[in-house]
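Below, read A as the first sequence line, B as the second, and so on, with proteins coming before strands; counting in each chain starts at 1.
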Amino acid sequence: MATATLPVTERENYLNKEYGIRSWLFTIDHKRIALLYLLSVTFFFFIGGLFALLIRLELLTPAGDLVQADTYNKLFTMHGMVMVFFFLIPVVPATLGNFLVPIMIGAKDLAFPRINLMSWYLYVIGGILIMHCMLTGGVDTGWTFYTPYSTAFTNTKIIEAGLAVFVAGFSSIFTGLNFIVTVHRMRAPGMTWGRLPLFIWANYATSIIMILGTPVVAITIILVAAERLFHLGIFDPKLGGDPLLFQHLFWFYSHPAVYIMILPSMGIISEIITCFSRKRIFGYKFVALSSVAIAVLGFLVWAHHMFVAGMSVYAALIFSFLSYMVAVPSAIKVFNWTATMYKGSISYTTPMLYAFGFLGLFTIGGLTGLFLASLGIDVHVTDTYFVVAHFHYIMVGGVLMGYLGGMHFWWPKISGRMYPEGWGRLAALIVFIGFNLTFFPQFILGYVGMPRRYWQYSPEFQVLNVLSTAGSTILGVGYLLPMIYFLWSMRYGKQAPDNPWNAAGLEWKTSSPPTTFNFDETPVVDFEAYDYENIKDTDDDGGAH
Amino acid sequence: MSEHSTSVGFYVMIFIILLLLTATTVGAAFINLGPLNPVIALGIATTKALLVVLFFMHVKGASEKMIQVVIMMGIFFLLLLLGLALADYGTRLWS
């Protein structure tokens, strides 16, 4: 019997090659490390989600009745820190990226497998630090650590939280370094830059940001610690420092960090839309290079977070203009995805539903970003719920929709099992409805003047807040469902063929799940990416080229 | 990579130069040179960074184009950070 026809349980693959906790904790297989990351980021997603739930429960009524003001400050701070640094930044690169980057380019592993494992350990150390910090008092500065409050006033655990972020930052630097070297050095014969899947381009661009941006936030955290511990005058005006310097340095990383989050999801969307439209991507080069353009332009826009903070009006004008510029490559992607679907043979599978969700929500998030980039409107809505709604449309509506779409798309490859399609579609619908019910009212709340980061509010804001809280519970159900049926499918799911979607790409030419070294023989690539015109529709074992 | 940069003694020498430059920074901090203070501190820091990049990171003598590209990118993004931040500091008092 040929290997490919053996049942999943009998074929040797990366999951059943070795057993036991040691085989996981000391693994250098990129696929196993991806699963370690998957477990860890899922854990932190639910911790961050728990904080979100408490925030929404507090905001159900105008009075501050569930928690004290100080506790509320800690809740939104820890929600932000956990979600940004321990979920959104690693979620796609470290899980799907780790799993797929080597396979998609026809390599056996990443260039530095041990550094890959070390990156996970650093993430875990950072995670333990942030958990310890949360359990022993937490932080109340907001995830942004703004000075001089963080260096001169608050008595909460700034140094420990900073250290956690610092350590986790190095894990993402390692991931970025690994991806860049792997893409440069380990592509299979024939896998030219012009044939790379767009998911690879997206992760490559992300890696550039990780490597260039993360050290800046690490240095900034050290400076905060130095001022807090040794009273060096860097940010505190009383000591001769400048608080806006902190914001410049912090946002130099933290705005591009938004692109660390969204770019890999954009890569996923490119894969899904081409596959389920059965069409070649419209404008491959533009979509690929727009990822790089976003990575570079993303570094030029940071001060739009500071328009009302007292910065120079003239510099604000420059940053406003540059912020508009970054919309161009993002729009190129959205238009090209739409053009790819035009006259395509579209199937409404779960990953495609998430891709549709991404298109709508990311567009709303992106366009409201333009509102915030324009100086006049920004003055009106800064620090209101409008901003909260805007970045959740990008980070949750964009990143998470892409991530969930990708998880469903590649789940057969990762686990060797199919998830239940009906439940998948239902969950995608619930997530979409829950998300919009949670965050759309916040646009209106912000526009009519409800400030963010307060635990009490005027009674006239209650109806919209109740809608938002109701939406968040629906959203919570939407997120729990995939976790349940993914776990269920690992035992009871239908066995996945090697290429259940009849998709292009090297990952579908290896077994599901893949063997430890991904391919029995190094593949030779003699076809363009997304060559769907030449893949027969009835072919279910890996694309006939 | 050139021969001399691989010997241990060479690295020790660079390390000692770095220590001396650190001592110079500390020493210069005790002398009031007015507007020259930051110029001297930044000058020494830049020299130290150059030494680390050129010798410890093996950039001097590296023939691969890719290494040059990576270094240029690092410098480019540093200039972006400094340039755009200075666009704020340089014009803040105008308004």
Rounded to the nearest 0.5 Å, what's the gap from [atom1] on [X] to [atom2] on [Y]? Could you check?
{"X": "Asp242(A)", "Y": "Arg92(B)", "atom1": "CG", "atom2": "CZ", "result": "4.5 Å"}
{"X": "Leu82(B)", "Y": "His248(A)", "atom1": "CG", "atom2": "NE2", "result": "11.5 Å"}
{"X": "Leu80(B)", "Y": "Phe299(A)", "atom1": "CG", "atom2": "CZ", "result": "8.5 Å"}

Check your understanding: For Ala87(B) and Ser312(A), which heavy atoms make the closest approach, and how far apart are they?
Key -> O-OG, 4.2 Å
Point to revise | Least distance between heavy atoms, Leu84(B) atom then Trp302(A) atom | key: CB-CH2, 3.3 Å
Check your understanding: What residue in Gly83(B), Gly74(B), Ala85(B), Gly90(B) has the most heavy-atom pairs under 4.5 Å with chain A?
Key -> Ala85(B)
Practice item. Among the options Ile318(A), Leu244(A), Val216(A), pick out the one with the most heavy-atom pairs lying under 4.5 Å from chain B. Key: Leu244(A)
Does [X] [atom1] have over 12 foreign heavy atoms under 6.0 Å away?
{"X": "Met118(A)", "atom1": "CE", "answer": "no"}
{"X": "Met57(B)", "atom1": "CE", "answer": "no"}
{"X": "Phe15(B)", "atom1": "CZ", "answer": "no"}
{"X": "Lys48(B)", "atom1": "NZ", "answer": "yes"}
{"X": "Phe321(A)", "atom1": "CZ", "answer": "no"}

**Study point:** Atom group of Ile208(A) that falls short of 4.5 Å from chain B, counting heavy atoms
**Key:** side chain
Exercise for review: Check each atom of Ile211(A) against the heavy atoms of chain B and say whether the ones under 4.5 Å are side chain, backbone, both or neither.
Suggested key: neither
Review point. Is there a donor-acceptor pair closer than 3.5 Å between any side-chain N or O of Tyr89(B) and the backbone N or O of Leu245(A)?
Key: yes
Review point. Is any side-chain heavy atom of Val70(B) less than 4.5 Å from a side-chain heavy atom of Ile180(A)?
Key: no
